[in-house]
Amino acid sequence: MPVQIGAKTHSFSEPTGLLSDCHRRVEMFLGGLKAVSEIAHRPLDEQTRHSLELALRYFREAAPKHTADEEVSLFPVLRTLDNDDVKLALEKISALEEDHRWAEPLHQRVDELGAKCLQNGSLDEQDAKEFREAIAHLQAMYARHIEIEDKDVFPVAARALSAEQKARIAAEMAARRR
């Protein structure tokens with residue numbers, strides 16, 4: 001069963017809607033990481049520990065699938081379309097792909113520090129500061145990144161892609177999750 005955040009979730013028949021739903025999860029788990037980072041220098045209680053474990057697992061396991069959904073399935077198909085609106089959206093895609101590369105080392109560091117926090121029950125002041133800063137950088141990048149995709153790329157893709165293209169993208173997305 002998909003995690004539902006807000007009033008609607010999309011199925012694989014609406015791949016761009018599903019990608020947007022993933023953005024709500026990114027925002028939710030980043031918010032959870034931020035909340036944990038604010039108290040990571042103190043001993044974790046069980047609820048905080050659980051929230052941290054879930055968020056770290058999401059960014060380690062699910063988020064890379066979302067990136068592949070975009071970079072391997074959606075963006076290459078958009079690049080084949082001869083459509084003025086798509087061409088405008090494509091101008092932004094290289095920067096979006098660069099965001100993915102830029103975020104990788106930060107995600108790795110957050111995962112390392114989060115694992116250390118789970119193992120030790122807390123972080124020392126320096127590690128807690130680095131944890132907070134890395135998460136703040138990720139939140140700022142994702143806020144801009146998600147806004148571009150949700151407002152400029154996904155709506156255009158939803159209109160421009162044929163039913164067959166959507167079905168192929170959806171099948172690839174589903175296969176990543178099997």
Side-chain angles (χ1 to χ4, degrees), residues 1-35 37 54-111 133-178:
M1 172 180 254
V3 175
Q4 183 171 343
I5 300 168
K8 183 176 180 176
T9 58
H10 296 86
S11 70
F12 282 107
S13 65
E14 299 175 86
T16 56
L18 195 60
L19 288 167
S20 190
D21 291 343
C22 287
H23 288 165
R24 306 297 75 78
R25 288 186 284 283
V26 167
E27 292 163 341
M28 179 188 73
F29 285 116
L30 275 174
L33 285 173
K34 182 181 185 313
S37 76
L54 287 175
L56 293 175
R57 185 177 323 122
Y58 176 80
F59 284 109
R60 191 173 43 250
E61 297 174 9
K65 293 174 187 169
H66 174 82
T67 299
D69 293 340
E70 294 175 353
E71 292 188 1
V72 176
S73 299
L74 177 63
F75 296 166
V77 174
L78 290 178
R79 287 184 174 109
T80 68
L81 301 179
D82 185 19
N83 174 299
D84 289 339
D85 291 336
V86 171
K87 287 176 185 174
L88 287 173
L90 286 172
E91 292 175 7
K92 299 172 185 198
I93 287 178
S94 291
L96 296 171
E97 290 171 325
E98 182 55 34
D99 286 344
H100 294 155
R101 301 296 84 69
W102 176 88
E104 284 177 18
L106 273 181
H107 279 296
Q108 182 176 0
R109 189 62 181 143
V110 166
D111 192 62
E133 289 173 354
I135 292 164
H137 289 303
L138 285 171
Q139 280 190 304
M141 182 280 292
Y142 277 114
R144 178 187 47 76
H145 182 98
I146 286 171
E147 181 176 8
I148 291 168
E149 287 183 342
D150 283 349
K151 291 185 178 172
D152 298 333
V153 177
F154 296 165
V156 167
R159 289 188 305 271
L161 293 169
S162 69
E164 180 182 310
Q165 289 165 323
K166 288 178 185 178
R168 188 172 74 243
I169 291 167
E172 291 174 13
M173 291 171 65
R176 279 187 196 94
R177 286 151 181 84
R178 288 193 186 114

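The first residue in the sequence is number 1, and the count goes up from there.
One finds the NZ atom of K166 at 9.0 Å from the CD1 atom of I169 (value rounded to the nearest 0.5 Å). Note that the SG atom of C22 and the CE atom of M28 stand 11.0 Å from one another [nearest 0.5 Å]. Atom CG of L106 sits about 8.0 Å away from atom CE of M141, to the nearest 0.5 Å. L96 contributes atom CG, which lies 11.0 Å from atom CD1 of I146 (distance to the nearest 0.5 angstrom). Within the model, atoms CG of L18 and CE of M173 stand 4.0 Å from one another, a figure rounded to the nearest 0.5 Å.
Applying the side-chain contact (heavy atoms from CB on, under 4.5 Å) test to L88 and every residue at least two apart in sequence or in another chain returns E91.
Between V26 and F59, the shortest heavy-atom distance links the atoms O-CZ, 3.8 Å.
Within 6.0 Å of atom CD in E61, more than 12 heavy atoms from other residues, nucleotides or ligands are found, so the atom counts as buried in its surroundings.
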Practice problem: Take L30 and E27 through the side-chain contact (heavy atoms from CB on, under 4.5 Å) test and state the conclusion after the steps. | Solution: CA-CA 5 Å; L30 275 174; E27 292 163 341; 5.8 Å; no
Practice problem: Output, in order, the C-alpha distance, side-chain angles, deciding distance and verdict of side-chain contact (heavy atoms from CB on, under 4.5 Å) for L81 and K87. | Solution: CA-CA 8 Å; L81 301 179; K87 287 176 185 174; over 6 Å; no
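When each of W102, Y142, F29 is tested with H107 by the rule ring pair (Phe, Tyr, Trp, His ring centres under 6.0 Å), just one qualifies, namely Y142.
A ring-ring contact (aromatic ring centres under 6.0 Å, His included) check over residues 151-178, counting only residues at least two apart or in different chains, returns the pairs H23-F154.
Using a 4.5 Å heavy-atom cutoff, the side chains of D150 and R24 are in contact. The shortest side-chain heavy-atom distance between R159 and P155 falls under the 4.5 Å cut-off. By the 4.5 Å heavy-atom criterion applied to side chains, L56 and V110 are counted as neighbours. The side-chain heavy atoms of L78 and V153, taken from C-beta on, include a pair separated by under 4.5 Å.
With hydrogens and angles ignored, the 3.5 Å screen pairs a side-chain donor or acceptor of S37 with a backbone N or O of K34.
Remark: D99 does not engage K92 in a salt bridge, criterion side-chain N to carboxylate O under 4.0 Å.
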May I have the list of side-chain donor-acceptor pairs in residues 67-77 shorter than 3.5 Å, sequence neighbours left out?
| unit_1 | atom_1 | unit_2 | atom_2 | d |
| --- | --- | --- | --- | --- |
| T67 | OG1 | A63 | O | 3.4 |
| D69 | OD1 | R176 | NH1 | 2.7 |
| D69 | OD1 | R177 | NH1 | 3.2 |
| D69 | OD2 | R177 | NH1 | 3.2 |
| D69 | OD2 | R177 | NH2 | 2.5 |
| E70 | OE1 | H100 | NE2 | 3.0 |
| E70 | OE2 | H66 | NE2 | 2.7 |
| E71 | OE1 | R101 | NH1 | 3.1 |
| E71 | OE1 | R101 | NH2 | 3.1 |
| E71 | OE2 | H100 | ND1 | 2.5 |
| E71 | OE2 | R101 | NH1 | 3.0 |
| E71 | OE2 | R101 | NH2 | 3.3 |
| S73 | OG | E172 | OE1 | 2.5 |
| S73 | OG | R176 | NH1 | 3.1 |
| S73 | OG | R176 | NH2 | 2.8 |

